[in-house]
Amino acid sequence: MRSTVGVAVVMTLSLYPYVYILARSALREQTPATFEAARMLGDSRLAALRRVVLPMARPSLAAGVVLVMMETLTDFL
C-alpha cells in the first residue's frame with residue numbers, strides 16, 4: 001500500500017472482526033426484556049437503543065476498540 005487511504009482500508013477490513021465479534025456477543029447476551037421495558041416506559045426504538053442497549057454493550061465495544069488500537073500500534077512501531 002502506498003497511500004494513507006489504502007492502508008486505512010486494509011487495516012479496517014482486517015481488524016473489524018475484533019470489534020464485531022465482541023459487540024455481537026455482548027448484544028446476544030442481553031435479554032430482550034430490558035429493551036421491551038424501555039419501550040413500555042415510553043421510549044422510541046432509537047431512544048431505547050441509545051439509553052438501554054448501548055450502555056450495556058459499551059464495555060465489550062471498548063475492549064474491541066482497544067484490541068484494534070494495540071494491533072495497529074504493533075504494525076506501525
Side-chain angles (χ1 to χ4, degrees):
M1 291 283 126
R2 297 176 188 245
S3 69
T4 306
V5 174
V7 170
V9 168
V10 168
M11 296 291 281
T12 301
L13 291 175
S14 64
L15 296 175
Y16 88 90
Y18 288 132
V19 178
Y20 174 76
I21 289 171
L22 288 172
R24 184 171 184 249
S25 68
L27 293 174
R28 293 191 105 210
E29 288 177 4
Q30 292 181 12
T31 62
T34 56
F35 182 75
E36 291 302 320
R39 295 275 294 145
M40 289 172 127
L41 291 172
D43 283 346
S44 66
R45 286 180 158 294
L46 188 58
L49 177 76
R50 190 184 79 240
R51 292 181 61 208
V52 176
V53 175
L54 289 180
M56 291 174 65
R58 192 176 298 149
S60 295
L61 292 171
V65 170
V66 167
L67 276 172
V68 168
M69 287 173 32
M70 288 190 305
E71 285 286 329
T72 304
L73 284 174
T74 60
D75 287 342
F76 286 107
L77 294 180

Colleague: Should Leu15 and Tyr20 be regarded as members of a common hydrophobic cluster, given that ILVMFWY residues are connected when their side-chain heavy atoms come within less than 4.5 Å of each other, either directly or indirectly?
Modeller: no

Colleague: Are Met69 and Val19 joined in one hydrophobic group, where the rule is that I, L, V, M, F, W and Y side chains link up if heavy atoms are under 4.5 Å apart?
Modeller: yes

Colleague: So which atom in Ala8 and which in Thr12 form the shortest heavy-atom distance, rounded to 0.1 Å?
Modeller: O-OG1, 2.7 Å

Colleague: Please give me the minimum heavy-atom distance between Ser14 and Pro17, naming the atom from each residue.
Modeller: O-CD, 3.7 Å

Colleague: Using residues 42-65 as the side-chain source, report each donor-acceptor pair under 3.5 Å to any protein atom, sequence neighbours left out, with the distance given to one decimal.
Modeller:
| residue | atom | partner | partner atom | Å |
| --- | --- | --- | --- | --- |
| Asp43 | OD1 | Arg51 | NH1 | 3.1 |
| Asp43 | OD2 | Arg51 | NH1 | 3.0 |
| Ser44 | OG | Ala47 | N | 3.2 |

Colleague: Give every residue pair that meets the side-chain hydrogen bond (donor to acceptor under 3.5 Å, both in side chains) criterion with at least one member in residues 22-36, sequence neighbours excluded.
Modeller: none

Colleague: Find out whether Met70 and Leu67 are in side-chain contact, i.e. whether some heavy atom of one side chain is under 4.5 Å from a heavy atom of the other.
Modeller: yes

Colleague: Establish whether Leu22 and Tyr16 are linked, either directly or via other cluster members, by ILVMFWY side-chain heavy-atom contacts under 4.5 Å.
Modeller: no

Colleague: Answer yes or no: are there more than 12 heavy-atom neighbours, outside Tyr18 itself, under 6.0 Å from its atom OH?
Modeller: no

